[in-house]
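Report on one structure; see the data block that follows.
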Amino acid sequence: MSAGDRGKLPSHVAFIMDGNGRWAKKRMLPRKMGHRQGVKALERVVDACAERGIGMVTFYAFSTENWARPQEEIDALFDMVAEFADTRMTEYVRRGFRVMFMGELSALPDKTKDAIARISAAAKDNTGMIVNIALNYGGRDEILRAVRTVVGSGVKDVDEQTLSDCMYTAGLPDPDVIVRSSGEKRLSNFMLWQAAYSEFVFMDDMWPDFGAEQVDAVLKEYASRDRRYGSVKRIG
Ligand code: FPP
């Protein structure tokens, strides 16, 4: 472990919330009940991360590929996002959290877009922990969007910073650690640009079972990792 990272808290933890469907199926419940419990897990994880002093948390709530799901499930998910924005996020704003949503939001139902716009406006002057929700988000789509912006701007001298500045996360830290629940071990088009040096933690727990205990396991695992960013191991 490099001296700089030993025992350090990550600044940014990103979560791929997987396993809601399997959690529900095991209990013979409709898939949307799994997502509903998933929202409760998200709330527990936000609280645990805030208590432990993490600066930014990102949650993958809906991918550009998730439109292939049954319409009833899609509608239920966007209703939950609208409800979450109007209720729990209102409390987050009171607690000083910054809230942000990344993805192609124009395609979302009006009710969800309106709730997002209201809560984003209410949080605009906050300076606390950032709660970032990825909605209709795809990593390749984000990179393409950035390339198009740069090409459209006519800038010729393009470097990494130029593209980073066009990502949804411009000016924010890359995830130090990306966590995926439910035993699956892939990125599924999540934060492809930002994941360049992220640590990965794959956990067997289904997302609806996540809470403070899993957050602590992630932090312990992260603290044990040796982050070298392509350099060699430093002694001492
Ligand atoms: C993946 O599990 C989960 C999703 C695609 C949706 C995650 C969304 C939430 C937890 C709710 C989001 C709401 C707010 C308020 C941000 P899956 O359904 O693919 O599970 P499976 O692989 O077991 O079928």
Side-chain angles (χ1 to χ4, degrees), residues 13-50 56-93 95 97-105 107-109 111-120 122-123 129-139 141 168 178-191 202-211 214-215:
V13 185
F15 296 90
I16 301 175
M17 307 184 283
D18 200 6
N20 296 345
R22 276 163 286 166
W23 184 96
K25 192 173 177 203
K26 198 174 161 192
R27 290 159 180 81
M28 299 206 293
L29 293 168
R31 292 179 58 81
K32 68 178 174 197
M33 290 307 292
H35 296 314
R36 202 156 267 297
Q37 292 305 313
V39 177
K40 292 197 175 141
L42 182 155
E43 292 170 4
R44 289 192 294 271
V45 168
V46 167
D47 286 342
C49 289
M56 177 166 178
V57 282
T58 294
F59 297 93
Y60 201 8
F62 195 90
S63 77
T64 46
E65 290 71 39
N66 286 151
W67 294 104
R69 293 188 174 224
Q71 192 59 43
E72 191 199 340
E73 183 176 344
I74 295 173
D75 292 345
L77 275 169
F78 286 127
D79 277 351
M80 282 178 220
V81 173
E83 189 187 324
F84 181 72
D86 281 336
T87 56
R88 187 65 65 178
M89 279 191 144
T90 306
E91 177 216 310
Y92 292 164
V93 170
R95 286 161 72 181
F97 296 174
R98 280 177 278 177
V99 298
M100 64 177 269
F101 296 84
M102 66 173 187
E104 189 43 65
L105 305 180
L108 305 190
K111 179 178 159 190
T112 310
K113 275 194 289 198
D114 291 349
I116 284 175
R118 275 195 298 275
I119 200 67
S120 302
M129 182 171 83
I130 300 169
V131 179
N132 179 25
I133 309 287
L135 272 181
N136 194 20
Y137 172 86
D141 187 64
Y168 294 118
I178 297 179
V179 181
R180 185 169 189 146
S181 55
S182 88
E184 307 289 353
K185 297 181 178 65
R186 57 181 172 268
L187 213 40
S188 300
N189 205 10
F190 186 53
M191 302 193 94
F202 299 109
M203 297 177 75
D204 287 336
D205 307 71
M206 297 293 140
W207 178 256
D209 293 325
F210 259 60
Q214 285 72 17
V215 168

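Each residue takes its place number in the sequence, starting with 1. Basis for what follows: all heavy atoms, side chains included, without hydrogens, waters or symmetry-related copies. Remember, it's 1-based here, ligands and their atoms both numbered in the order they're listed.
- Looking only at heavy atoms of the protein, atom 11 (C) of ligand 1 is closest to V39 CG2, 3.7 Å.
- Using cut-offs of 30° and 60° on the angle between ring planes, the pair F59 and W207 is perpendicular.
- Counting heavy atoms under 4.0 Å from ligand 1, residue M89 does not touch it at all.
- The G21 neighbourhood of ligand 1 comprises atoms 17 (P), 18 (O), 20 (O), 21 (P), 23 (O), 24 (O), with distances under 4.0 Å to a heavy atom of that residue.
- The pair K32-E73 does not count as a salt bridge, with every side-chain nitrogen at least 4.0 angstrom from each carboxylate oxygen.
- Per-residue contacts place N66 under 4.0 angstrom from the following atoms of ligand 1 (heavy atoms of the residue considered): 5 (C).
- Protein heavy atom in closest approach to atom 10 (C) of ligand 1: N20 ND2, 3.2 Å.
- Taking every non-hydrogen atom of A61 and a distance limit under 4.0 Å, the qualifying atoms of ligand 1 come out as 6 (C), 7 (C), 8 (C), 12 (C), 16 (C).
- Of all atoms in ligand 1, numbered sequentially from 1 with element shown, those under 4.0 Å from a heavy atom of L42 are 16 (C).
- Considering both main-chain and side-chain atoms, W23 never comes within under 3.5 Å of ligand 1 through any nitrogen or oxygen pair.
- Residues S120 and F101 meet the side-chain proximity criterion, which asks for heavy atoms closer than 4.5 Å.
- Residue-level proximity to ligand 1 for K25 is absent, since no heavy atom of it falls below 4.0 angstrom.
- Checked against the 6.0 Å centroid threshold, F78 and F62 count as a close aromatic pair.
- Considering both main-chain and side-chain atoms, R69 comes within under 3.5 Å of ligand 1 through a nitrogen or oxygen pair.
- A 4.5 Å side-chain heavy-atom check between T87 and Y92 finds every atom pair outside the cut-off.
- The ligand atoms of ligand 1 that sit less than 4.0 angstrom from a heavy atom of D18 are 1 (C), 2 (O), 17 (P), 19 (O), 20 (O), 22 (O).
- Atoms of ligand 1 found under 4.0 Å from any heavy atom of L77, numbered from 1 in the order shown, are 8 (C), 11 (C).
- Between the choices K26, H35, Q37, the shortest heavy-atom distance to atom 4 (C) of ligand 1 belongs to H35.
- Salt bridge annotation for R44-D209: absent, with no cationic side-chain nitrogen under 4.0 angstrom from a carboxylate oxygen.
- Remark: distances from the non-hydrogen atoms of E83 to ligand 1 are all 4.0 Å or more.
- Heavy atoms of S182 come nearer than 4.0 angstrom to ligand 1 in no pair at all.
- At a threshold of 4.0 Å, the pair K111-E83 does not count as salt-bridged, since none of the basic side-chain nitrogens sits closer than that to a carboxylate oxygen.
- Closest to atom 3 (C) of ligand 1 among all protein heavy atoms lies M17 O, 3.0 Å.
- Taking the ring centre of W23 as origin, the terminal cationic atom of R27 falls inside the region bounded by 6.0 Å and 45° from the ring axis.
- A salt bridge links E91 with R88: the closest approach of a Lys/Arg side-chain nitrogen to an acidic carboxylate oxygen falls below 4.0 angstrom.
- Considering only non-hydrogen protein atoms, atom 14 (C) of ligand 1 sits nearest to V81 CG2, 3.9 Å.
- Side-chain contact between M203 and R180 is absent, with no heavy-atom pair separated by less than 4.5 Å.
- Looking at atom 18 (O) of ligand 1, its nearest protein heavy atom turns out to be R31 NH2, 2.7 Å.
- The closest side-chain heavy-atom distance from N20 to R31 is not below 4.5 Å.
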